[in-house]
Engineer: 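Okay, handing you the structure first.
Every chain is numbered from 1, with letters handed out A, B, ... down the list of sequences.
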Number of protein chains: 2
Amino acid sequence: MENEGRGLHMKVLESLGPAIAAGAYPAGTVLRTDELEERFEVSRTVVREAVRVLESMQLVESRRRVGVTVRPAERWNVFDPYVIRWRLAGADRPRQLRSLTELRSAIEPAAAALAARFATPAQCAALTEHALGMVSTSRGRQLAAYLVHDIAFHRQILTASGNEMFARLGDVVAEVLSGRTHHHVMFPDPDPPAVTLHVRVAEAIREGDAVAAERLTREITVGAMAELEVLAPESGQPAGRG
Amino acid sequence: MENEGRGLHMKVLESLGPAIAAGAYPAGTVLRTDELEERFEVSRTVVREAVRVLESMQLVESRRRVGVTVRPAERWNVFDPYVIRWRLAGADRPRQLRSLTELRSAIEPAAAALAARFATPAQCAALTEHALGMVSTSRGRQLAAYLVHDIAFHRQILTASGNEMFARLGDVVAEVLSGRTHHHVMFPDPDPPAVTLHVRVAEAIREGDAVAAERLTREITVGAMAELEVLAPESGQPAGRG
DNA sequence: CCAAACCTATAGGTAGTACTTAATCAAGCC
DNA sequence: GGCTTGATTAAGTACTACCTATAGGTTTGG
């Protein structure tokens, strides 16, 4: 993510947004504009622009005679990249990570199936290239290089699906994958079986085998779910039956 | 959707947003602030607030000395509810509808599986209620009442999944379902097999059978995909191999 | 006890002004 | 001739002051 600090309203946004997303202001909290003006030492114009953006993310609601009210988390636009990043950076990172992994598990197999039908030869080539890149960097503690290929691989599948909504999840997947790598930093090389799966997915897509592509991709994502289960076992879920 | 016209900047937004989303302004088009000021007969403040929101949706980019530039569609936040609605209302409604249906097909089965594990008794009860409501309204041209139950049913599954991102897709699913009903308005009653599927999904979730819940829900969504295929056969996809 | 009128806090909106950045282009240097 | 450097200047950015509109609260009257 490259966009930082462009414009004063961004400064306010990058400060208020994460705070709200982290739950620092419980739902119902009211923030008056002149208070924010003072707090951030900016003019009303700037505050209002920031508030408008937060409002479009459904993080807050601005009403006359009341102020800027923080909305309950259920209303937030949890698909907004900013909101995702802010939540990922804040208190409920585990829950957000689980949600995103569940999302991946749902989307990526479907995307792979579509990619098997619609991927262009160029896209197939790129996919294979990244899969082979993963293989060649999977040994000898080249985690950084491995990660690059891993991200590119998954992003390529999402793009090749031809579904622009799937494609837009590339950034999210990238963030999850890189977050995972950076989390248990001093880890050994990735599992060989997982690497092999990627190669086989690339093959299936190249051959136009949607069923195989979907099944193999699902194997990858259940692996990701299992991995998550180790880090945050059964947490973040509502209190249902077990 | 209830929020209309609140604030002058909304007026601008509700006019510019759909236009951009419909492709009226090709990527790279520049809109100057003072031009917009004049066009909408509002002050700079208002224009800038609207632009800030469009910017947060990645529909436009505001740069000094250049103006407000329309971004290519690949950059748009296609998960933003406003963007979804605007695209659904505009020229590429078919493509958007296909994307959303593919999204549903990926998410809803996964959500049903999670719901089978985590749904509370109250949620199971509500689910069954709506399934039965669908049954009882599936005959005698009560499409409106049927639609209400249908939407509530799918929304309930997404909510009961315990994944807040899935839950937020409830609005989208609602829009797709109601759009479908209102499209071929003078239609006969819904297919009995489809209705039965919903009842069986409710049962599977109540019994905590994640596998069955997922499989049955997938049957529903492939039905939706098939239905879409009739209305917009193979359109909106990139030119890959067949 | 309830309803209608009033009060006022707070966001909404406009206008004018000054600052800042960066695209452009021309002059000058290598 | 081509590249660097600097001036020009067009556009967004930001601040201020002032006014308006609305809606939550309070008072008042029935």
Side-chain angles (χ1 to χ4, degrees), chain A residues 2-17 19-20 25-72 75-77 82, chain B residues 2-17 19-20 25-72 75-77 82:
Chain A
E2 71 297 335
N3 49 7
E4 297 301 333
R6 292 203 10 155
L8 257 189
H9 77 110
M10 273 297 185
K11 193 185 102 183
V12 178
L13 211 55
E14 300 269 358
S15 174
L16 257 187
I20 295 174
Y25 304 95
T29 305
V30 292
L31 311 159
R32 266 169 305 108
T33 44
D34 52 344
E35 169 203 331
L36 296 174
E37 249 178 271
E38 186 180 342
R39 170 130 70 98
F40 293 101
E41 297 177 316
V42 294
S43 70
R44 224 156 54 87
T45 316
V46 171
V47 170
R48 289 184 53 186
E49 285 171 16
V51 167
R52 283 282 118 82
V53 174
L54 291 173
E55 202 172 30
S56 87
M57 297 169 177
Q58 305 290 320
L59 292 189
V60 303
E61 181 186 8
S62 178
R63 288 173 61 194
R64 272 178 169 146
R65 173 64 210 230
V66 178
V68 178
T69 314
V70 176
R71 290 194 143 162
R75 302 286 304 268
W76 298 351
N77 272 1
Y82 278 104
Chain B
E2 73 294 339
N3 48 7
E4 298 300 336
R6 291 202 11 160
L8 255 190
H9 76 110
M10 274 296 185
K11 194 185 99 184
V12 178
L13 211 53
E14 301 268 357
S15 173
L16 257 186
I20 295 174
Y25 303 96
T29 306
V30 292
L31 310 159
R32 264 170 306 106
T33 305
D34 52 344
E35 169 204 330
L36 296 173
E37 248 178 273
E38 186 179 343
R39 170 131 70 98
F40 293 102
E41 297 177 319
V42 294
S43 69
R44 262 222 305 290
T45 314
V46 170
V47 170
R48 291 190 52 191
E49 284 172 14
V51 167
R52 284 281 117 85
V53 174
L54 291 173
E55 202 172 29
S56 87
M57 296 169 177
Q58 305 290 319
L59 291 188
V60 303
E61 182 187 9
S62 179
R63 286 175 61 197
R64 274 182 167 143
R65 176 66 211 231
V66 177
V68 178
T69 313
V70 176
R71 290 193 144 163
R75 303 286 305 267
W76 298 351
N77 272 0
Y82 278 104

Engineer: Find the distance B/R52:CZ to D/dG12:P and express it as a whole number of Å.
Structural biologist: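 From B/R52 CZ to D/dG12 P: 11 Å.
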Engineer: Between B/T33 and A/E41, which has a closest nucleotide on DNA chain D that is more 5'?
Structural biologist: B/T33
Engineer: Rounded to the nearest angstrom, tell me the gap between atom CD in A/E37 and atom C1' in C/dT10.
Structural biologist: 12 Å
Engineer: Answer yes or no: does atom CD of A/E35 have more than 12 heavy-atom neighbours from other residues, nucleotides or ligands under 6.0 Å?
Structural biologist: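 For A/E35, atom CD is crowded (more than 12 foreign heavy atoms under 6.0 Å).
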Engineer: Report the residue from A/T29, A/L16, A/V47, A/V51 that forms a side-chain contact (heavy atoms from CB on, under 4.5 Å) with A/V68.
Structural biologist: A/V51
Engineer: How close or far is atom P of C/dC7 from atom CZ of A/R64, stated in whole angstroms?
Structural biologist: 20 Å
Engineer: Within this structure, what is the NE2-to-P distance between B/H9 and C/dA11, rounded to whole angstrom?
Structural biologist: 14 Å
Engineer: Enumerate the protein-to-nucleotides 15-18 of chain C contacts in which both atoms are nitrogen or oxygen and the separation is below 3.5 Å.
Structural biologist:
from   : atom 1 : to    : atom 2 : distance (Å)
C/dT17 : O4     : B/R44 : NH2    : 2.5

Engineer: If I take atom NZ in residue A/K11 and atom P in nucleotide D/dA14, what distance separates them, rounded to the nearest angstrom?
Structural biologist: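 Taking NZ of A/K11 and P of D/dA14, I get 10 Å after rounding.
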Engineer: Roughly how far, to the nearest 0.5 Å, is CG of B/L31 from CG of B/L54?
Structural biologist: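 So the CG of B/L54 and the CG of B/L31 are separated by 9.0 Å.
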Engineer: Salt bridge or not for B/R52 and B/E55, using N-O below 4.0 Å?
Structural biologist: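 Counted as a salt bridge, because a side-chain N and a carboxylate O are separated by less than 4.0 Å.
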Engineer: Does the side chain to side chain contact (heavy atoms under 4.5 Å, CB included) test come out yes or no for B/V60 and B/Y25, once each step is laid out?
Structural biologist: CA-CA 10 Å; B/V60 303; B/Y25 303 96; over 6 Å; no
Engineer: From the options D/dG12, C/dG13, C/dA23, select the nucleotide whose nearest atom is closest to the side chain of B/V46.
Structural biologist: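 Nearest nucleotide to the side chain: C/dG13.
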Engineer: Considering only heavy atoms and no angle criterion, is a donor-acceptor pair shorter than 3.5 Å present between the side chain of A/R65 and the base of D/dA23?
Structural biologist: no
Engineer: Figure out the CZ/C1' separation between B/R6 and C/dT10, and round it to whole Å.
Structural biologist: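 Those two atoms, CZ and C1', are 14 Å apart.
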Engineer: Answer yes or no: is there a side-chain heavy-atom contact under 4.5 Å between B/T33 and B/R44?
Structural biologist: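 They are in contact (side-chain heavy atoms under 4.5 Å apart), so the answer is yes.
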Engineer: Please report the distance, rounded to the nearest Å, between CD in B/E55 and P in D/dG12.
Structural biologist: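 Value for this atom pair: 12 Å.
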Engineer: Quick one: A/E61 CD to C/dG12 P, roughly how many Å, whole number?
Structural biologist: 11 Å
Engineer: By the 4.0 Å heavy-atom rule, please label B/R32 as base, sugar-phosphate, or nothing.
Structural biologist: sugar-phosphate
Engineer: Could one point to a donor on the side chain of A/R63 or the base of C/dT10 with an acceptor on the other under 3.5 Å away?
Structural biologist: no
Engineer: So what does B/V51 hit on the nucleic acid, given a heavy-atom distance under 4.0 Å: a base, only sugar-phosphate, or nothing?
Structural biologist: nothing
Engineer: Once rounded to the nearest 0.5 Å, what's the spacing between atom CD of B/E49 and atom OG of A/S56?
Structural biologist: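 If we round to the nearest 0.5 Å, B/E49:CD and A/S56:OG are 12.0 Å apart.
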